[in-house]
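Scroll down for the structure; my scribbles are underneath it.
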Amino acid sequence: ISILSRRMSGGMPYQVSVADEVRREMFFYFEEAVYRRFDPSLRQLLVRLACFEHFDAELAKLISGDSHVNDLLAQILHDTTMLQFDGVETYHFWPVFRQFLLWEMKQDCTVEEQNDIYRRAGFSYELQDDYSHALDCYSKGGDHRKVCDLLIKNAQLHPGVAHYHEMERYYYAMPREDVLRSPVLMCGM
């Protein structure tokens, strides 16, 4: 609000461009005053976890590959207010700081690194039989083969129903040829 009021002083009307400038200035502040003070492994973890509105320690472990991720999460919880509990085991970032981390990720990570984050998360959700989240992550990660495999697996687990309502958009996103090659996918659809 302070940045916005300074920008609008002198009679400048509120516009989308003003909000973008305020956000950019705030992100530069976060980068300098908060983000750069963390060690590189913690920064990398934060950026990777920002892809997810909510996450748990297991997802954080699979995404980071760090078995000591609980210590890092505890450090963030203790030292800052940017990470909060949703319940006993689920976390989320303060929304504006999450936007900053996503902005930071676009600057620091290649598309392939971002895709790898989503594929790892898809694997984590798949292990938990959470096919809806797994499909979402695999789709964002560009892993169309895993999307197809999961749709087949889901259709086999739930013949006749196949949770079509939750899966519909993934069916329609698949190439028609892939669906026509698989009797299971045709039945699921």
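Here, residue 1 is the first one in the sequence, and each next residue gets the next number. Values in this document were obtained by computation on a predicted structure and should not be read as measured data. Quick note: numbers below take in every heavy atom, side chains included, and nothing from hydrogens, waters or symmetry partners.
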- Test side chain to side chain contact (heavy atoms under 4.5 Å, CB included) on Phe100 and Phe28 and set out the steps. CA-CA 9 Å; Phe100 160 73; Phe28 286 138; over 6 Å; no
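- Scanning all heavy atoms of the two residues, the minimum distance from Ile63 to Ala121 falls at CD1-CB, 4.0 Å.
- Looking at heavy atoms from C-beta onward, Val34 lies in side-chain contact with Met82 at the 4.5 angstrom threshold.
- Between Tyr125 and Leu59 there is a side-chain heavy-atom pair separated by less than 4.5 Å.
- Within the 4.5 Å cutoff, no side-chain heavy atoms of Ile3 are placed close to those of Glu21.
- Note that SG of Cys148 is 13.5 Å distant from NZ of Lys153, once rounded to the nearest 0.5 Å.
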- Message: Run the side chain to side chain contact (heavy atoms under 4.5 Å, CB included) test on Phe93 and Leu46 for me, step by step, so that the C-alpha distance in whole Å, both residues' side-chain angles and the decisive distance to 0.1 Å come before the verdict.
- Response: CA-CA 9 Å; Phe93 287 107; Leu46 293 173; 3.7 Å; yes
Show me, pair by pair, the donor-acceptor contacts under 3.5 angstrom made by side chains of residues 182-189, not counting sequence neighbours?
from, atom 1, to, atom 2, distance (Å)
Ser182, OG, Val184, N, 3.4
Ser182, OG, Leu185, N, 3.1

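- Side-chain contact between Tyr29 and Met26 is absent, with no heavy atoms from C-beta onward closer than 4.5 Å.
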- Task: Under the salt bridge (charged side-chain N to carboxylate O under 4.0 Å, His left out) rule, what do Arg120 and Asp116 come out as? Steps first, then yes or no, please.
- Result: CA-CA 6 Å; Arg120 286 174 180 246; Asp116 184 55; 3.1 Å; yes
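- Environment of CD in Gln15: crowded, with over 12 heavy atoms of neighbouring residues, nucleotides or ligands closer than 6.0 Å.
- Between Phe27 and Trp103, the ring-plane angle classifies as tilted under the 30° and 60° cut-offs.
- In this structure, Arg24 does not pair ionically with Asp20, as no charged nitrogen and carboxylate oxygen lie closer than 4.0 Å.
- In plain terms, the two heavy atoms of Ala57 and Tyr91 that are nearest each other are N-CE1, 4.2 Å.
- Taking the side chain as every heavy atom from C-beta outward, Gln128 and His133 never approach each other to under 4.5 Å.
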- Check against side chain to side chain contact (heavy atoms under 4.5 Å, CB included), Leu83 and Phe55: CA-CA 11 Å; Leu83 185 66; Phe55 60 90; 3.5 Å; yes
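- The closest side-chain heavy-atom distance from Asp136 to Tyr170 is below 4.5 Å.
- Counting non-hydrogen atoms of neighbouring residues, nucleotides and ligands closer than 6.0 angstrom, the CD atom of Glu89 reaches no more than 12 such neighbours.
- The side chain to side chain donor-acceptor pair (under 3.5 Å) check on Glu104 picks up Arg36, with sequence neighbours excluded.
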- Message: I'd like to know whether Asp108 forms a salt bridge (charged side-chain N to carboxylate O under 4.0 Å, His left out) with Arg48, so could you lay out the CA-CA distance, the side-chain angles of the two residues, the decisive distance to 0.1 Å, and finally the verdict.
- Response: CA-CA 11 Å; Asp108 291 347; Arg48 288 172 178 249; over 6 Å; no
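- Under a hydrophobic-cluster definition in which Ile, Leu, Val, Met, Phe, Trp and Tyr are linked whenever side-chain heavy atoms come within less than 4.5 Å, directly or via other members, Val16 and Val22 are assigned to different clusters.
- The CD atom of Glu53 sits 5.0 Å away from the CZ atom of Arg98 when rounded to the nearest 0.5 Å.
- Within the 4.5 Å cutoff, side-chain heavy atoms of Tyr35 are placed close to those of Val47.
- In this structure, the separation between OG on Ser139 and CZ on Arg169 is 6.5 Å, given to the nearest 0.5 Å.
- To the nearest 0.5 Å, the span separating CG on Leu150 from CZ on Arg145 amounts to 11.0 Å.
- The nearest pair of heavy atoms linking Cys51 to Tyr118 is CB-OH, 3.6 Å.
- Applying the 6.0 Å contact sphere to CZ of Phe38 captures more than 12 heavy atoms from other residues, nucleotides or ligands.
- No salt bridge links Glu126 with Arg119; every basic N to acidic carboxylate O contact stays at or beyond 4.0 Å.
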- Task: For side chain to side chain contact (heavy atoms under 4.5 Å, CB included), just list the numbers for Asp66 and Leu45, CA-CA rounded to whole Å, side-chain angles, deciding distance to a tenth of an Å, and then say yes or no.
- Result: CA-CA 9 Å; Asp66 185 354; Leu45 176 66; over 6 Å; no
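- When all heavy atoms of Thr110 and Glu113 are compared, the closest pair comes out as N-OE1, 2.8 Å.
- For the atom pair CG (Leu151) and CG (Leu135), the distance works out to 5.0 Å, reported to the nearest 0.5 Å.
- Atom SG of Cys109 is separated from atom CD1 of Ile117 by 5.0 Å, given to the nearest 0.5 angstrom.
- Within the 4.5 Å cutoff, side-chain heavy atoms of Leu73 are placed close to those of Leu49.
- For Gln107, the CD atom sits in a packed shell: over 12 heavy atoms of surrounding residues, nucleotides or ligands are nearer than 6.0 Å.
- No continuous path of ILVMFWY side-chain contacts below 4.5 Å connects Tyr138 to Val111, so the two sit in separate hydrophobic clusters.
- For residues 72-85, the side-chain hydrogen bond (donor to acceptor under 3.5 Å, both in side chains) pairs, not counting sequence neighbours, are Gln84-His92.
- Here the closest non-hydrogen pair linking Val18 and Pro13 is CG2-O, 3.9 Å.
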